[in-house]
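These numbers come from the heavy atoms of this one structure, side chains and all, not from hydrogens, waters or symmetry mates. Because the structure is predicted, anything quoted here is derived from the model rather than measured. Every chain is numbered from 1 and lettered A, B, ... according to where its sequence line falls, protein lines coming before strand lines.
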Amino acid sequence: MTSSAGQWQRETRAGGAELSCGRHETLEGPLGAACEDPFSPAETMNWAGLYTVLSGVNRHSTAIGRIWLSVIFIFRIMVLVVAAESVWGDEKSAFTCNTQQPGCNSVCYDHFFPISHIRLWALQLILVTTPALLVAMHVAYQQHQEKKLLVLTGHADAKHMEEVKKHKMRIAGSLWWTYVCSVVFRLLFEAVFMYIFYMLYPGYQMMRLVKCEAYPCPNTVDCFISRPTEKTIFTVFMLVTSSICIILNMAELVYLVVRACARRSQHHTNPSSGKGSFYGHKHSSEYKQNEINQLLTEQDGSLKDMLRRNSGLQEKGDRCSAC
Amino acid sequence: MDWGALHTVLGGVNKHSTSIGKIWLTVLFIFRIMILVVAAEKVWGDEQDDFVCNTLQPGCRNVCYDHFFPISHIRLWALQLIFVSTPALLVAMHVAYRRHEKKRQFRKGDQKCEFKDIEEIRKQRFRIEGSLWWTYTSSIFFRLIFEAVFMYAFYFMYDGFRMPRLMKCNAWPCPNTVDCFVSRPTEKTVFTIFMIAVSSICILLNVAELCYLLTKFFLRRSKKAGNSKQQPNHENKEETKQNEMNELISDSCQNTVIGFSSS
């Protein structure tokens, strides 16, 4: 009994890693993607962790979405970590006021910098990248539904299950709405933060000298900011990349809407037959089976293609009744 | 052993959580732990070095700092996050125990065991019912308690959630009541409010999850009571299966497609 208890404890401990990096089956959510190698050195929960979580979403994004993600990671997060943080590193220690009065320095710094640029950018980047997790969650949910359906129709072999995981979801139907909401939220957060920046630091320019007269400063003292020009350059750079990201998001929104309308007009020129019957009387099992067959022929998507490829089924319609 | 290791350990619990539990875990890692590591630690980084008192008296600054900040915000948050995430380990342990039992049965060659090999047992996801339900519910209950206790501790220690700019101190050896100035008070207030807000969101998510689990429990119980009166027959099973398929297809109508009919 003791040996088995000991073995169970060993399994639990090792299995902290084992459990976490499961080979992923059911609804793991976005965090499931984070575990690539359980025995790698523990990665702190920092930007690299966020990158791991978000790179999974990349697969289900549009082309513009992927460009946007690359711009975020390379031109914003990387620049923040590699360059901007060192520029702002001594922002408080090198903030000097022309007075010996203790506390005047702190108070004037707090008055002119209620929240540092670096923290604002970090918050902005985190909030702007998280709507993508909505899409990841929706995709995980749909994959779960597909697997359930596979099990019910008796095709729950390993090959099909793997393909469900690997195939790319089409952005149509409810996923389209989730995706569009995530893009809208991104745009909103970007705009809000740009506005906050403008309110807190009018003109986006860093002054060399600021005049301060808050208590306990004895009179109006001159305070000098460290590296103002370098800070201005980086502020403008981050502002420009933020604008590029806003433009990319708007382009993605337009692309999604145009694609949806194109699909809808295609659908209207080839209307599906018997759609009215979907809302018909549903008592006999044969009628139900006909309904399913009809729905199946109306849809298109990779899972159906995959199963068709594997079993050589023929089908009539190949059109998405989406959006 | 740092936040990354906690992330690795808890990522495994994710698999056996409800959907609300998964959202809670995501909020915890991205909006609390990540913000703490990436932003908040830097804001509080110079809290003692830049705590300035209007006196040259040696020791006065140290004593006043200690008087006003018995435990730093950052350490309190770190403790809170650790305490709040560890009840999930109860669930992980219970799942590991169940897996161990199944493996033992499988190795003994028990007829009841329906798995093909050890790998399948390892991959299996357990439903939250029976004793696992009780473990899971207790873990959520503990999470709620810890969150509430820490929020109260914060409020009690720092008299509200605002960081004042100036504090007056007259502890010995300060010669009289001296003015002491806190570094970056506004930024600290902003982050404190942010962390409190996310903590409240986590509390709401936990309460929602608790309600969801209780509702599921009572529904299952009433279903069982209802089913025990009926006679199960072959046709009912087929029809239920068909209904479930119909639901799945209509739910995922536009995107997921299954190419077969079951006939």
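- No other option in B/Val52, B/Asn54, B/Leu36, B/Asp46 has as many heavy-atom pairs under 4.5 Å with chain A as B/Asn54.
- Per the SG-SG cut-off, B/Cys174 and B/Cys64 are not bridged by a disulfide [distance not under 2.5 Å].
- Between chain B and the residues A/Glu85, A/Gln101, A/His111, A/Arg119, the largest count of heavy-atom pairs under 4.5 Å involves A/Arg119.
- For B/Asp49, no part lies near chain A; criterion is any non-hydrogen pair under 4.5 Å.
- Proximity to chain A (any heavy atom under 4.5 Å) is shown, for B/Arg184, by both the backbone and the side chain.
- Neither the backbone nor the side chain of B/Cys180 has a heavy atom closer than 4.5 Å to any heavy atom of chain A.
- Between B/His7 and B/Phe29, the ring-plane angle classifies as tilted under the 30° and 60° cut-offs.
- For A/Gln100, no part sits under 4.5 Å from any heavy atom of chain B, backbone or side chain.
- In terms of non-hydrogen atom pairs under 4.5 Å with chain A, the most contact-rich of B/Pro185, B/Ala40, B/Ser183, B/Ala39 is B/Pro185.
- Taking each heavy atom of B/Leu166 and B/Phe181 in turn, the nearest pair found is CD1-CE2, 3.7 Å.
- A tilted orientation is assigned to the rings of B/Phe31 and B/Phe194, their planes being inclined by 30° to 60°.
- Residue contact with chain B, scored on non-hydrogen atoms closer than 4.5 Å, is absent for A/Thr129.
- When every heavy atom of B/Tyr136 is checked against every heavy atom of B/Gly21, the shortest pair comes out as OH-CA, 4.1 Å.
- When each of B/Arg104, B/Arg99, B/Arg98 is tested with B/Glu101 by the rule side-chain hydrogen bond (donor to acceptor under 3.5 Å, both in side chains), just one qualifies, namely B/Arg104.
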